Structure formats: C-alpha cells, structure tokens
Chemist: 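I have a structure I would like to understand better, so I am pasting it below and will then ask my questions one at a time.
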Amino acid sequence: MEREMMLKKVNDIFIEVFNDDSISISEETSAMDIEDWDSLTHITLIGNVEKKFGIIFTLDEVLDMRNVGEMLDVIEMRLKGVIAK
Amino acid sequence: MKSMSENRIFSKRLIISISQHNMLQAKNIATQVALLDEKECAELEELIAYYDSEGITPEQQAEMYLRFCRTTMEEQIYFSKTQKYRYNSFEQVENLVYKNEEYMRMYMIALALTLYLWKSNREIFRFYRSQICNAKGNYFLEVGPGHGRYISEAVRYRNFKEYTGVDVSQTSIEVCRRHLMAKFDCIENLPENCFLKCMNFFNFDSTNKFDCIVMGELLEHVERPELFLKKAFDLATVGAFVFITIPINAPELDHIYLFEDIKQVEELIVNSSFKIKNKTVVLPDSMTLEKALSRKAPINTAYVLTK
C-alpha cells in the first residue's frame, strides 16, 4: 500500500476517534498538535489502526511513537511482513 | 511552565526528565502542572525533595513514574481488547506486586507523584482534603495507607487522638512510616499517636471503634469488596466519617475487582448499610459520564459515607 493511501486511512481513523471532520494529519502531526490526543485516546487510535490494517503493535511501539510518521513506519513494516522484535 | 516558579528545582528536574522520554507524558505533565495551585506546586516540590533526601533523585523518580505509566498503559491496552482486568485473584497479584519490594517501592513513589500529575488522582485527593479537615473524633483508621499521603493529611489536622494504618504490604508500611516520620520531624519513631500494622485487614482486630475510616484505592484490589465494607461497618462508630474511593473501568496490574458502572458501586455501598453523605465523580477530559461509560473509559469516584 502506498504511504499516501495509508496516511489517508489513518486520517479517517483520527476523524472518527476525535469526532472532528476538520482533522487533516501529516507525517509530522503529533499529540502536541491535537488537543484531545492523550494516553487514553492514543490507545483507542492504536486499537482502531490495528483493526483497520489487521496488524498488532508492540507495547514499545505504542509508547515510543512520537508522531504519525512513526505510526506509518510500523504499519508499513507490518504490512511487509516484518515481525516485531 | 505555568505555576511552577523558578526556584522549584526538584520539580523542574523531574518534569524535564519525564518529558524527554515520553511524548504523551510530556503533554500530560505540561497540562496538569499548569492546573496545580501554588500550594500544590510547593507540596510537589517538597515531595520530590523528600524522596531525593531518601536517596532517589528526581531523575530516578521520573523513571519510576514512567515505568508505572507504562504498566498502566499496558493494562489499559489489555482491558480495551478483553474488557477484563488481567488478574482476578489476590493470590495472583500478591507476589507480583505486594510482596515484590522493588515493584512496591516504585509503585508507592509513582502513585504519590500522581496525586499532582494525574487529573483523576489529584481531584480525588482534593476532594479528600476538603472533607477530612472536618472529621473529628478519637480513633482514625486507614486501610492501605500506601505512600502515606492520606493518613499524614489527617494527622496534620490533629482532629483525632490516635491514628492507625493497616496495610498488607511490608514495603508500604515502611514507605508510609518514613513519610510520617519526615513529615512530622520525628527522628527515630513514628509520632507517638500513630501506629502502623502490617497485616490483612480481615485479621485486624481492635477494642476501639473508629470515628474515621479511610479506604482509598483499596476496594478494587480485593476479591470481595463487600466483605471489606462489612468489616469497616463493624469497626465504625455510629456517625463515623468513612471515606472510600472506587475506580470504574480503570485497569492497573493489581486491580482485580472490576467495577463497571456507578449503579454497581452505589449498590455495593447501600448493601453494606453505610449511608452516602457526599461524593465526587472524576471523568476523563472532554467526556460526559455517558460517553465514558459507553467507551469503558476510566471513571474515578470517591464517597463520604456514614453509619
């Protein structure tokens, strides 16, 4: 899957989780840019991404992720069949 | 950093250390510290300085706090996938947590910090303080005093003749003992009217009835909360001030009893024969009660009861 397509799908998840149609994320978007993005909504985001892409994040990946780009990196790796350490 | 004046060096070291390691916590800390009043900022500084004097630097405290947040998040992820707490028996968590000295020490210190750094714990502690200052009588009992902040707040008002803490963890008792000694400038022993006992609450017996019983962060840690409330009821004087907290859908490694809604919590209280005098409910930011319940997001409740 193209990275741009991935970003679009992830953007749809953000819109749903934060209930905000105006959200438009980029690879640089982080929790600092979205007011309601806290540890609780982070878990919801991760859960929805896992369901949508059929992948599983490790705890380290969930905790260490600093922005959307790093989220896409993990999705990309998993879709390519790279297993988490 | 709003509300955190320049000379609060221990707090600054802790906050910088936490913020360097975790983006979500960096954001949370910035938000929560801005919500502390001046008195709380001073207390947080004092708390971090106290642990530093115990040989735990602010950077080590930050590590403990982050480790605790990590465990919490791991349990939240488990809960979001299973709708269950990972463990449901005391035996399962006893060795993992309560008898694990290293984990308990980290847990108690991190938990004390969350009284200032987590909205839920700060609001519950504020509610407690607004109520405990009016409680008076002869005998005060706290079940599970843990880090010692709740019992020391009661001791500070000197509204009771004797203060007793009962905790199942020897590490907690030691953390609490040292905190009380430091807080009230005692060199070798606890303040003379304070007593700490390491035992299961069910084995605790007293010839005295208690005018105040505090059970904060306790009922979710036991298999049969109704039996704890019954025991508390039997130990309470008529008209006693009883303070309890109960979290709903709030996973932690050692939370074994899952409360799922407020109705369930209040039925438990009513069935124990206590009467509800006052309560507070702390919701996640930007959520109504209905939304929090439907999303199974953590809700924290605290009740003042009487007999």
Side-chain angles (χ1 to χ4, degrees), chain A residues 7 10 12-23 25-75 77-78 83-85, chain B residues 18-32 34-35 63 65-83 86 110 114 117-121 247-253 282-288 290-300:
Chain A
L7 182 64
V10 171
D12 291 342
I13 293 169
F14 272 68
I15 287 171
E16 189 189 331
V17 169
F18 294 108
N19 195 25
D20 181 354
D21 290 339
S22 70
I23 284 182
I25 57 170
S26 71
E27 299 228 3
E28 287 72 40
T29 302
S30 76
M32 298 301 181
D33 303 309
I34 299 177
E35 193 184 349
D36 290 343
W37 188 349
D38 57 16
S39 59
L40 209 58
T41 47
H42 189 61
I43 291 170
T44 309
L45 275 176
I46 293 296
N48 287 14
V49 169
E50 285 183 337
K51 271 186 213 155
K52 190 143 193 167
F53 289 91
I55 60 169
I56 302 283
F57 288 86
T58 66
L59 182 62
D60 283 340
E61 287 164 349
V62 173
L63 294 174
D64 295 343
M65 204 175 280
R66 282 172 301 187
N67 55 34
V68 169
E70 293 189 1
M71 186 184 282
L72 296 185
D73 290 342
V74 179
I75 298 170
M77 275 198 313
R78 289 292 183 287
I83 308 295
K85 285 177 194 167
Chain B
I18 290 172
S19 302
Q20 280 171 344
H21 289 93
N22 185 306
M23 183 195 57
L24 285 168
Q25 280 306 320
K27 183 179 176 186
N28 176 59
I29 294 271
T31 307
Q32 297 309 322
L35 294 171
E63 274 176 39
Y65 173 80
L66 287 169
R67 184 176 160 201
F68 178 59
C69 291
R70 181 188 173 88
T71 306
T72 302
M73 201 141 181
E74 189 169 12
E75 295 313 306
Q76 282 176 332
I77 292 168
Y78 179 88
F79 181 69
S80 74
K81 290 180 177 173
T82 63
Q83 315 289 293
R86 192 184 300 271
T114 67
L117 303 181
W118 285 10
K119 177 194 168 188
S120 54
N121 291 3
I248 295 164
N249 296 324
E252 290 289 353
L253 190 59
V282 184
L283 301 169
D285 283 334
S286 321
M287 279 198 203
T288 60
E290 291 69 29
K291 190 172 173 184
L293 286 169
S294 71
R295 292 198 174 187
K296 291 196 176 284
I299 298 167
N300 286 270

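Here the structure is a predicted model, which means the values were calculated and not measured. Quick note on labels: first sequence line is chain A, next is B, and so on, each numbered from 1.
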Chemist: Heavy-atom distance under 4.5 Å to chain B: side chain of Leu63(A), backbone, both or neither?
Modeler: both
Chemist: Would you say the side chain of Ile77(B) lies within less than 4.5 Å of the side chain of Val62(A), judging by non-hydrogen atoms?
Modeler: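 Side chain of Val62(A) against side chain of Ile77(B), heavy atoms only: contact under 4.5 Å found.
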Chemist: Do you know which two heavy atoms are closest between Met23(B) and Met32(A), and how far apart they sit?
Modeler: O-CE, 3.9 Å
Chemist: Leu7(A): what forms a side-chain contact (heavy atoms from CB on, under 4.5 Å) with it, not counting sequence neighbours?
Modeler: Ile25(A), Val68(A), Leu72(A)
Chemist: Identify which part of Ala30(B) has an atom lying under 4.5 Å from any heavy atom of chain A, answering side chain, backbone, both or neither.
Modeler: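 When you check distances to chain A, no heavy atom of Ala30(B) falls under 4.5 Å.
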Chemist: Enumerate, including both backbone and side-chain atoms, all donor-acceptor pairs under 3.5 Å from chain A to chain B.
Modeler:
residue, atom, partner, partner atom, Å
Ala31(A), O, Lys27(B), NZ, 2.6
Ile34(A), O, Lys27(B), NZ, 2.6
Glu35(A), O, Lys27(B), NZ, 3.1
Asp36(A), OD1, Ser286(B), OG, 3.3
Trp37(A), O, Lys27(B), NZ, 2.9
Glu50(A), OE1, Lys81(B), NZ, 3.1
Asp60(A), OD1, Arg70(B), NH1, 3.0
Asp60(A), OD1, Arg70(B), NH2, 2.6

